[in-house]
2 protein chains.
Amino acid sequence: MVRVGLTTERLVRAGAELADEVGFDEVTVSALARHFDVKVASLYSHVRNSHDLKTRIALLALAELADRGATALAGRAGKDALAAFANVYRDYAREHPGRYAAAQLRLDPETAAASAGVRHAQMTRAILRGYDLAEPDQTHAVRLLGSVFHGYVSLEMGGGFSHSAPDTQETWTRVVDALDALLRNWPAA
Amino acid sequence: MVRVGLTTERLVRAGAELADEVGFDEVTVSALARHFDVKVASLYSHVRNSHDLKTRIALLALAELADRGATALAGRAGKDALAAFANVYRDYAREHPGRYAAAQLRLDPETAAASAGVRHAQMTRAILRGYDLAEPDQTHAVRLLGSVFHGYVSLEMGGGFSHSAPDTQETWTRVVDALDALLRNWPAA
DNA sequence: TGCAGTTGCCTAAAGCATTTAGGCAAATTA
DNA sequence: TAATTTGCCTAAATGCTTTAGGCAACTGCA
C-alpha cells in the first residue's frame with residue numbers, strides 16, 4: 001500500500017485548485033479522492049464531511065484575500081488605498097473564481113468570527129481613516145464599500161454586465177472614482 | 001391511480017416555496033416529489049432535470065422582483081424612486097430568501113437575455129432619468145446601483161453585518177441617502 | 001356514449017456522492 | 001525490536017439523479 005500523504009491542509013489546497021478549475025459547486029469529496037487516486041473513504045479521516053471541506057476552502061480563500069489586501073494597503077492612503085484594495089477583490093475573483101465563490105459561502109457565526117473576514121472589515125476601516133468620517137457614518141461607509149466590492153465582483157463574474165459597452169474595466173475605475181468622491185463628500189444625516 | 005395534477009408551473013411554484021422554507025440548495029427533485037407524494041420519476045416529464053428546475057425557479061424570482069420593482073417605481077422619481085426600488089430588493093430578499101438566492105443563479109447567456117433581468121436594468125435606467133447623467137456615466141451608475149443593491153442584500157442576508165451597531169435599517173437608509181447625493185454630484189472623468 | 005390517442009404517473013434499474021464501521025499495514029516512537 | 005499511532009483500505013447503507021418502458025386515466029371526436 002503506497003501512502004499518498006494526505007493531510008487536511010493538502011486536501012483543502014487541492015480542493016481550492018479544483019474549485020478554480022471546475023467551479024466550487026463541483027468540488028466534492030469523491031472528486032478530490034479521484035484527484036489523489038485514493039478511495040473516497042480515506043478522505044473522511046481528514047475532513048469531517050463535505051460541508052467541512054467546503055468551509056475550509058472558504059476560510060483559505062478569505063485568508064488569501066486578506067493577505068493580498070494587507071499587502072495592497074501597505075504604504076497607501078486615501079484614494080490610492082481605496083483603488084488598490086478594490087482591485088484586490090476584483091483581481092482575486094478573476095484569478096481564482098472557484099476560491100472567490102468559496103469565500104461567499106455562508107459561515108455559521110462562530111466560524112465567521114474566527115475567520116479572516118474580520119481582517120477585511122478592519123482593513124476597510126483603515127482605508128476610511130483617509131477620509132473624514134465619524135461614527136456612525138464610518139460604519140455605514142464600511143458596509144457600503146463591502147457591498148460595492150462584493151456586489152460588483154459577483155455581478156461581473158456572473159455575467160451581469162456582459163456584452164455591453166462600456167467595458168467593465170472602465171466602469172470599475174469610474175466606480176472607484178465615484179466612491180472616493182462620495183467619501184470625501186459624505187452627506188450629513 | 002389518483003392523478004395529482006402536476007404541471008411545470010405547479011412544480012416551479014412549489015419549488016420556490018420549498019426554497020424559502022429550507023433554502024435554495026435543498027431544493028431537489030426528490031424533495032419536490034415527496035412534497036407531492038409522488039414518485040421521483042414522475043417529475044421528469046415536467047422538468048428536464050434538476051438544473052432545469054432550479055433555472056425555472058430563478059426565472060420566477062426574477063420576474064416577481066421585476067414586477068415589484070415596476071409597482072414601486074410607478075409615480076415616483078428622483079430619490080423617492082431610488083429608495084423605493086432599493087427597498088424592493090431588500091424586502092423581497094427578506095420575505096423570500098430562497099427565491100432571492102435562486103435569482104442569483106448564474107444563467108447561461110440566452111436564458112439571461114430572455115429573463116426578467118433585462119427589465120431590472122431598464123428600471124434602474126429609468127431611475128437615473130431623475131438625475132443628470134449622460135453616457136457613459138449613466139451605464140457606470142447603473143452598474144454601481146446594481147452592485148450596491150445586490151451586494152448589500154447578500155452581505156446582510158449572509159450575516160455579514162450581524163451583531164453590530166448601528167442596525168442595518170439605519171445603514172440602509174443612509175446608504176440610499178449617500179447614493180442619492182453621489183448621483184446628484186457625479187464626479188467628472 | 002364509446003373509442004383512440006394522449007398524458008400522467010408508475011416500476012425498474014443504473015450511476016454517482018455521502019457517510020460510517022472496522023481492518024491491515026506502514027510509519028513513528030520507545 | 002516491540003508497541004503504538006496513523007494512513008489508507010474494503011464493505012455497506014443511504015440518498016439524489018436520470019433514463020427506459022408500461023399501464024391506466026383522462027381528452028376529444030364520432
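Residue numbers begin at 1 in each chain, while the letters A, B, ... track the order of the sequences.
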Phosphate contact (C/dT18 OP1 or OP2) by A/His51 side-chain N/O below 4.0 Å: no
query: Among D/dC16, D/dC9, D/dT18, which nucleotide sits nearest the side chain of B/Ser50?
result: D/dT18
query: Atom CG of B/Leu6 to atom P of C/dT6: distance rounded to whole Å?
result: 21 Å
message: Please report the distance, rounded to the nearest Å, between CD in B/Glu26 and P in D/dG15.
response: 15 Å
- request: Ignoring the backbone of B/Val40, work out which of D/dT17, C/dT18, C/dC9 is nearest its side chain.
  value: D/dT17
- prompt: Just wondering, more than 12 heavy atoms not from A/Asp132 lying within 6.0 Å of its CG?
  reply: no
query: Nearest to the side chain of A/Ala41 - C/dT18, D/dA11, C/dG8?
result: D/dA11
- prompt: Among the nucleotides D/dT19, D/dC9, C/dA17, which one has an atom lying closest to any side-chain atom of A/Ser30?
  reply: C/dA17
Distance, rounded to the nearest Å, where A/Leu43 contributes CG and D/dC8 contributes P: 9 Å
- request: State whether A/Ser45 places a side-chain N or O below 4.0 Å from either non-bridging phosphate oxygen (OP1 or OP2) of D/dC8.
  value: no
task: Specify the separation, in whole Å, of atom CG of B/Leu32 and atom P of C/dC9.
output: 13 Å
message: What is the separation between atom CG on A/Asp25 and atom P on C/dT18, rounded to the nearest whole Å?
response: 12 Å
statement: Here the distance between atom P of D/dT19 and atom NE2 of B/His46, to the nearest Å, is 15 Å
field: Phosphate contact (C/dA17 OP1 or OP2) by A/Arg34 side-chain N/O below 4.0 Å
entry: yes
- request: Compute whether any side-chain donor of one residue and acceptor of the other, for B/Arg143 and B/Thr124, lie under 3.5 angstrom apart.
  value: no
field: Nearest-neighbour nucleotide for the B/Tyr44 side chain, D/dT18, C/dA17, C/dC9 considered
entry: D/dT18
query: How far does CZ of B/Arg106 sit from OG of A/Ser154, to the nearest 0.5 angstrom?
result: 11.5 Å
statement: Rounded to whole Å, NZ of B/Lys39 lies from C1' of D/dG21 at a distance of 17 Å
task: Please check if any side-chain donor atom of A/Thr8 sits under 3.5 Å from a side-chain acceptor atom of A/His46, or the reverse.
output: no
- line: Considering only heavy side-chain atoms of A/Asn49, the closest of D/dT10, C/dT18, C/dT19 is C/dT19
query: Whole-Å distance between C/dG8 C1' and B/Glu9 CD?
result: 18 Å
- prompt: Do A/Asp52 and A/Thr55 get their side chains close enough for a donor-acceptor pair, meaning under 3.5 Å?
  reply: no
